[in-house]
Amino acid sequence: MKVKYYTPSDSKLAYSVGVTLDRFIKMKQDDFPFASGELSQLLRDIGLAAKIVNRETNRAGLANIAGAFGNTNIQGEEQQKLDVIANIRFTRALTKGGEVCAIVSEEDDEVIDLQNSSGKYVVAIDPLDGSSNIDVNISIGTIFSIYRRVTPVGSPIQPEDIMQPGRNQVAAGYVLYGSSTMLVYTTGHGVNGFTYEASLGEFFLSHPDMKAPQNGKIYSINEGTYNHFEPGLREYLENCKKLEYSARYIGSLVADFHRNLLKGGIYIYPATTKSPSGKLRLLYEANALAFIAEQAGASAIDGEERILDIQPSSLHQRTPLYIGSIEMVKEVGALIKKRRALTV
Ligand code: FDP
């Protein structure tokens, strides 16, 4: 018996619900005939952990999981309960899948060696970014970077597997827990965004092939420490004000970055005289977003150097970050260079 397959053009009742994250990952894997499927599985594991963390963040006000955990992490920052929960969820998902040999997490002082020498991948992750916004119900995020190990599979992991420059990333992404929850990722072939549909428990493709505007009118920076900024940055900010750009700063990197990626803008967390390396972490914050930015036609520098070219020297290394629309990053970079040259 032949069964009719209904398409949306046959009947409105056959409307398409959309492409799920899992199906999209599978479709993309099929584009690479020799892909083993391990990276795809790893991305699906991250998608599952994101759903669980999304559930926890939504319950935070009710379930006594907002507030401080009572510890400080390696950066000397007070850990929130949700930081700890998110770290547990993501490290579990990454451990159980079997594709990963080591994890670098903001919440753990040392590299987590999973003693899984057959795992091909190293993951660097900030399980819950923007912690100071948890208690006040403002958007927070997760950021992840995936690298292929450089030493042979089957051997113990080595420092060079971990200390790779960002340009070696094979995939990177973020989850934004906001007015709706989104997962955005790249495997180096463009950037795609998925929105979580809670009633179906699935991420659906909502932002295919994301492209950042070349230029923008939004600047995002904590100007409270303006007096400690270098002259080139101050000059840039004065220009932004003269041009009456919009100042937008939530204080959650993922949320500020995401908005600027869609609308055009720049996010800056600079070096200051008090913190000469800035605040953000290279391995599990700046690198992932820089990779996504470049894949979407935007760019990221530390003021001078391309973020993806920085050779890391320590696990929790900090870096200044200028990231967003390509023309804006170019302009601030040029001013910084000009003013630095005058002071040498
Ligand atoms: P948080 O410390 O709340 O986790 O990643 C660090 C970060 O947030 C970014 O998400 C955010 O953009 C920045 O720090 C906020 O720092 P300031 O409070 O210094 O502006």
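Indexing begins at 1, ligand by ligand and atom by atom, following the structure's order.
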Distance-only donor-acceptor pairs under 3.5 Å for side chains of residues 89-99, two or more places apart:
{"from": "Thr91", "atom 1": "OG1", "to": "Asn87", "atom 2": "O", "distance (Å)": "2.6"}
{"from": "Thr91", "atom 1": "OG1", "to": "Ile88", "atom 2": "O", "distance (Å)": "3.3"}
{"from": "Thr95", "atom 1": "OG1", "to": "Thr91", "atom 2": "O", "distance (Å)": "2.5"}

Pairs under 3.5 angstrom only: tabulate donor-acceptor contacts from the side chains of residues 265-277 to other protein residues two or more places apart or in another chain.
{"from": "Thr272", "atom 1": "OG1", "to": "Lys274", "atom 2": "N", "distance (Å)": "3.3"}
{"from": "Thr272", "atom 1": "OG1", "to": "Ser275", "atom 2": "N", "distance (Å)": "2.9"}
{"from": "Thr273", "atom 1": "OG1", "to": "His228", "atom 2": "ND1", "distance (Å)": "2.8"}

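Using a distance-only test at 3.5 Å, with no hydrogens or angles considered, no donor-acceptor pair links the side chain of Thr181 to the main chain of Tyr177.
For ligand 1, the 4.0 Å heavy-atom shell contains residues Asp129, Gly130, Ser131, Ser132, Asn222, Tyr249, Gly251, Ser252, Leu253, Tyr267, Tyr269, Lys279, Leu280, Arg281, Glu285.
Here Leu205 pairs with Val19, Phe24, Asn192, Phe194, Pro208 under the side chain to side chain contact (heavy atoms under 4.5 Å, CB included) rule; sequence neighbours left out.
No salt bridge links Glu230 with Arg339; every basic N to acidic carboxylate O contact stays at or beyond 4.0 Å.
Judged by distance alone, the side chains of Ser145 and Gln169 do bring a donor and an acceptor atom under 3.5 Å apart.
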